[in-house]
Number of protein chains: 2
Amino acid sequence: MLSTGCKYAIRSVLYIALNASEEKKIGVKEVSEVLEVPFPFLAKLMQQLTKAKLISSTKGPKGGFYLNEQDQSRNVLDIINLMDGIDKFQGCFLGLSKCDPANPCPVHFTVAPFKEEIMGKFRDKSIMEFAAEIRLTGRHITLKDIV
Amino acid sequence: MLSTGCKYAIRSVLYIALNASEEKKIGVKEVSEVLEVPFPFLAKLMQQLTKAKLISSTKGPKGGFYLNEQDQSRNVLDIINLMDGIDKFQGCFLGLSKCDPANPCPVHFTVAPFKEEIMGKFRDKSIMEFAAEIRLTGRHITLKDIV
DNA sequence: TTAAAAAAAGATAAAAAGGTCTTTTATTAT
DNA sequence: ATAATAAAAGACCTTTTTATCTTTTTTTAA
């Protein structure tokens with residue numbers, strides 16, 4: 001469904017939301033170890049996320065990544081949009097360039113409501129709300145926290 | 001969502017279901033032209049489909065592709081499974097290798113019901129039933145039949 | 001029985017995704 | 001000031017996906 005990079009990105013943003021703050025920034029090393037994803041690849045992804053202002057960073061000792069106020073109010077769909085492009089959900093399931101309710105492909109009405117609802121779910125909750133929910137319900141974003 | 005090859009494959013099987021028969025087989029050329037997909041790539045895909053017994057073929061003059069009785073009772077999920085692997089729908093949305101109701105990822109319960117439902121839709125209708133529905137409702141599988 | 005038609009098979013090529021390595025820049029604590 | 005730290009930037013490599021080209025095999029109709 002999503003590219004590997006996109007999955008890594010979502011998980012790392014959530015990890016930062018849950019564990020970092022402006023006072024306690026977190027480095028790529030920690031994130032890559034906890035999430036068990038390749039360090040250099042993740043570093044690139046987090047650069048992208050920073051450039052797109054979905055997360056914040058500072059260099060040097062005590063440097064690392066965290067979410068500023070703006071970052072906290074972004075949502076998961078922003079990450080998906082950055083990494084994979086929104087077309088992953090908006091485009092025709094069978095790849096037709098013209099596919100809409102007036103000229104639907106055979107699976108249009110099967111897939112359309114699904115796409116709508118899932119996009120809504122990923123758009124209507126901010127990263128921080130998401131993080132709060134994860135903390136509350138004890139969801140996991142890494143295999144390491146499965147006891 | 002699906003790979004390009006998978007989309008081509010689904011559309012070409014449906015095209016054959018709608019237009020070919022054992023008496024009137026259809027060649028790669030016609031399919032590639034109507035669906036506007038690259039001929040040699042499609043030829044490879046249709047070879048794969050044939051090998052997996054999702055469609056049937058004969059060589060030589062008057063040769064081409066068609067669906068025998070068995071082929072007609074296959075479903076779209078069989079095609080997806082062959083081309084992309086069923087994991088595209090069954091695997092964790094965030095890529096975790098352990099993700100189930102007991103140890104759910106943050107989006108597990110958001111995504112799981114959709115995956116179930118959409119897989120059901122693609123499994124519970126045979127290719128021929130699908131084709132009949134397409135004919136009945138006038139759905140399109142190529143841009144060329146948009147009037 | 002031979003020529004033409006059409007799929008099968010296999011080798012090759014281009015582009016994208018996934019991943020690595022090295023150098024540069026910015027920050028902080030000593 | 002300087003050394004250490006950590007992100008940013010950029011060049012590079014590998015694998016997979018997408019696509020093409022060529023040769024072989026099968027089949028049919030003249």
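Letters A, B, ... mirror the listed sequences (proteins, then strands); counts begin at 1. All of these numbers come straight from a predicted model, not from anything done at the bench. Worth knowing before you read on, the calculation uses all heavy atoms, side chains too, and leaves out hydrogens, waters and symmetry mates.
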State yes or no: do [X] and [Y] share one hydrophobic cluster built from I, L, V, M, F, W and Y residues joined by side-chain heavy-atom distances below 4.5 Å, directly or via other members?
| X | Y | answer |
| --- | --- | --- |
| L96(B) | L42(A) | no |
| M1(A) | L14(A) | yes |
| V37(B) | F39(B) | yes |

Residue pairs fulfilling side chain to side chain donor-acceptor pair (under 3.5 Å) with at least one residue in residues 78-90 of chain B, sequence neighbours excluded: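 Every pair satisfying side chain to side chain donor-acceptor pair (under 3.5 Å) with a residue in residues 78-90 of chain B: S3(B)-D84(B), R74(B)-D78(B), D84(B)-K88(B).
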
I'd like to check the salt bridge (charged side-chain N to carboxylate O under 4.0 Å, His left out) partners of E116(A); sequence neighbours left out, ordered by chain and number.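 Not a single residue meets the salt bridge (charged side-chain N to carboxylate O under 4.0 Å, His left out) criterion with E116(A).
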
Residues in salt bridge (charged side-chain N to carboxylate O under 4.0 Å, His left out) contact with K115(B), at least two apart in sequence or another chain: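 K115(B) satisfies salt bridge (charged side-chain N to carboxylate O under 4.0 Å, His left out) with no residue once adjacent residues are dropped.
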
Once you measure the plane-to-plane angle for F114(A) and F114(B), does it fall in the parallel (<30°), tilted (30-60°) or perpendicular (>60°) bin?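 Correct class here is perpendicular.
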
Just verifying a value: how many Å separate S56(A) OG and Y66(A) OH, rounded to the nearest 0.5 Å?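 One finds 4.5 Å between OG of S56(A) and OH of Y66(A).
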
F41(B): what forms a ring pair (Phe, Tyr, Trp, His ring centres under 6.0 Å) with it, not counting sequence neighbours?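 So F41(B) forms a ring pair (Phe, Tyr, Trp, His ring centres under 6.0 Å) with Y8(B).
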
So, using ring pair (Phe, Tyr, Trp, His ring centres under 6.0 Å) as the criterion, who are the partners of F89(B) when residues are at least two apart?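 Ring pair (Phe, Tyr, Trp, His ring centres under 6.0 Å) check on F89(B) returns nothing, list empty.
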
Ignoring hydrogens and angles, tell me if any N or O in the side chain of D71(A) forms a donor-acceptor pair with the backbone of N68(A) under 3.5 Å.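 Side chain of D71(A) to backbone of N68(A): a pair is present.
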
For [X] and [N], give me the distance from atom [atom1] to atom [atom2], rounded to whole Å.
| X | N | atom1 | atom2 | result |
| --- | --- | --- | --- | --- |
| Q48(B) | dT17(D) | CD | C1' | 12 Å |
| Q47(A) | dA6(D) | CD | P | 16 Å |
| E36(B) | dT18(D) | CD | P | 19 Å |
| Y66(B) | dT27(D) | OH | C1' | 13 Å |

Kindly say whether the aromatic ring centers of F122(B) and F93(A) come within a distance under 6.0 Å.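 Yes.
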
Going by distance alone, is a donor N or O of one side chain under 3.5 Å from an acceptor N or O of the other, for Y15(B) and E30(B)?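 Side-chain D/A pair, Y15(B) to E30(B): present.
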
For DNA chain C, determine which residues of residues 89-97 of chain A have any heavy atom closer than 4.0 angstrom to one of its atoms, and list them numerically.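 Heavy-atom contacts with DNA chain C come from no residue of residues 89-97 of chain A; none.
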
Heavy atom of residues 8-30 of chain A under 4.0 Å from DNA chain C: which residues?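 Residues of residues 8-30 of chain A under 4.0 Å from DNA chain C: Y8(A).
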
Under 4.0 Å from any heavy atom of chain A: name the first and the last nucleotide of DNA chain C that qualifies, 5' to 3'.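 Contacts span dG18(C) to dT28(C), reading 5' to 3'.
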
Below 4.0 Å: OP1/OP2 of dA7(D) and any side-chain N or O of T50(A):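 So the side chain of T50(A) is outside the cut-off, no N or O lying under 4.0 Å from OP1 or OP2 of dA7(D).
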
Under 3.5 Å, which N/O atoms of the protein pair with N/O atoms of nucleotides 20-22 of chain D?
none

Between the protein and nucleotides 2-5 of chain D, are there any N/O to N/O pairs under 3.5 Å, and if so, what are the atom names and distances?
residue: dT5(D); atom: O2; partner: P61(A); partner atom: N; Å: 3.3

With sequence neighbours excluded, tell me which residues meet side chain to side chain contact (heavy atoms under 4.5 Å, CB included) with A17(B).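 For A17(B) the side chain to side chain contact (heavy atoms under 4.5 Å, CB included) partners, ignoring immediate neighbours, are L67(B), I127(B), M128(B), A131(B).
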
First encountered from the 5' end of DNA chain C, between S3(A) and T58(A):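 Its nearest nucleotide lies further toward 5', so the answer is S3(A).
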
For residues 31-44 of chain A, which residue pairs pass the salt bridge (charged side-chain N to carboxylate O under 4.0 Å, His left out) check, not counting sequence neighbours?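 Matches after skipping sequence neighbours: K29(A)-E33(A).
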
Other residues, nucleotides, ligands: >12 heavy atoms within 6.0 Å of K62(A) NZ: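 Counting neighbours around NZ of K62(A), 12 or fewer heavy atoms of other residues, nucleotides or ligands fall under 6.0 Å, so no.
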
